[in-house]
Amino acid sequence: MIAPVTCPIRSSSLPPAIALVKKFPSEASPTSAIRPDYLSPSSVKSYLSCSLRFFFERVAQIRKPTTVALHVGKAIHATLQSFNLARWRGEDSSEAIMEKAFSSHFLELEKAEGPVDYADEETRQKVRSCAWNTVKVYMDSGEVSSQIPLGVEVGLSATIPGLPVPVRGVIDLVQHDLTAVDYKSSAAKPDTGHAAFDHALQLVTYQIMIEEATRDTPPSLDLVYLVKTKTPQVIRVKIPPADKQRKQRVADLYKIAYEGITSERFHPQPGMQCSWCQYRKVCSGWCKG
Ligand code: SF4
């Protein structure tokens, strides 16, 4: 058992993603005013998917109303964290206690990150009840191991050769056998065939971090989908640990993103992601320089 993985570290122990990019006085570097202290899988994924949206969100820090999907996803995630922490600590993780935890996370997130885009109170109540039912289905499912987790919300970091800053991340759950688990809430059934490819950056980063902390390779990198359909479903996608080539690919993506951020390379990258991008209006006014 390795110390860094046994200590539950709340996700709040990592500064919010926007804090990843710090403005330094321009004399600190003649070529760039932006130097991240570290990179996380989410910041790099965001930069690589559209560098201009990354700029609006994390450098200019333009706030947008919280979407319903984001609010619900965070409430579900926070409740799963409470559930796993209670199990890890040997405390009461019964449905009644978790329902209270869910209600409190739902409200607190509305206050802290709202306003949330609910059409009306009826919709809000429907969405709330569907989210809680989804959590309940997970808690009753066979996906909850009978063994106590090794770590909950485990904050780790890793060094990537050639990358001037560390990589940091928080793993939702590390199972007793070192399997890294990431929860995803989704409105529809995921395409399990694409899941490994879509989330490779995040999952392989977790593997690299666990290997650096424990000198051991996790047997699997798992995505647990909580599907918020009328009859909620829980789907676990098991992905084998990455080989040398897949790890190198991820290391290269970190280096490319670091180079782009510190060179202040921010430009529109139109694609499917524009349909749900909240910065379309400000993006349309962009021109180089
Ligand atoms: S609208 Fe598209 S191109 Fe523009 S910032 Fe958003 S994702 Fe990027």
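Just follow the structure's listing: the first ligand is 1, and inside any ligand the first atom is 1.
- Geometrically, Arg53 does not engage Tyr279 in a cation-pi contact, judged by NZ or CZ lying under 6.0 Å from the ring centre and within 45° of the ring axis.
- Nearest protein neighbour of atom 3 (S) of ligand 1, counting heavy atoms only, is Gln269 N, 3.5 Å.
- A continuous path of ILVMFWY side-chain contacts below 4.5 Å connects Tyr47 to Trp286, so both sit in one hydrophobic cluster.
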Which pairs would a plain distance check flag for residues 127-134, meaning a side-chain donor or acceptor within less than 3.5 Å of a matching protein atom at least two apart in sequence or in another chain?
{"unit_1": "Arg128", "atom_1": "NH2", "unit_2": "Ser103", "atom_2": "OG", "d": "2.7"}
{"unit_1": "Asn133", "atom_1": "ND2", "unit_2": "Ser129", "atom_2": "O", "d": "3.3"}
{"unit_1": "Thr134", "atom_1": "OG1", "unit_2": "Cys130", "atom_2": "O", "d": "2.7"}

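- Looking at Arg265 and Glu259, a side-chain N of the basic residue comes within less than 4.0 Å of a carboxylate O on the acidic one, giving a salt bridge.
- Listed by chain and residue number, Thr179 satisfy the side chain to side chain donor-acceptor pair (under 3.5 Å) test with Asp177 (two or more places apart in sequence, or in another chain).
- With sequence neighbours left out, the ring pair (Phe, Tyr, Trp, His ring centres under 6.0 Å) criterion links Phe106 to His71, Phe102.
- Protein N/O/S atoms nearer than 2.8 Å to atom 6 (Fe) of ligand 1 total 1.
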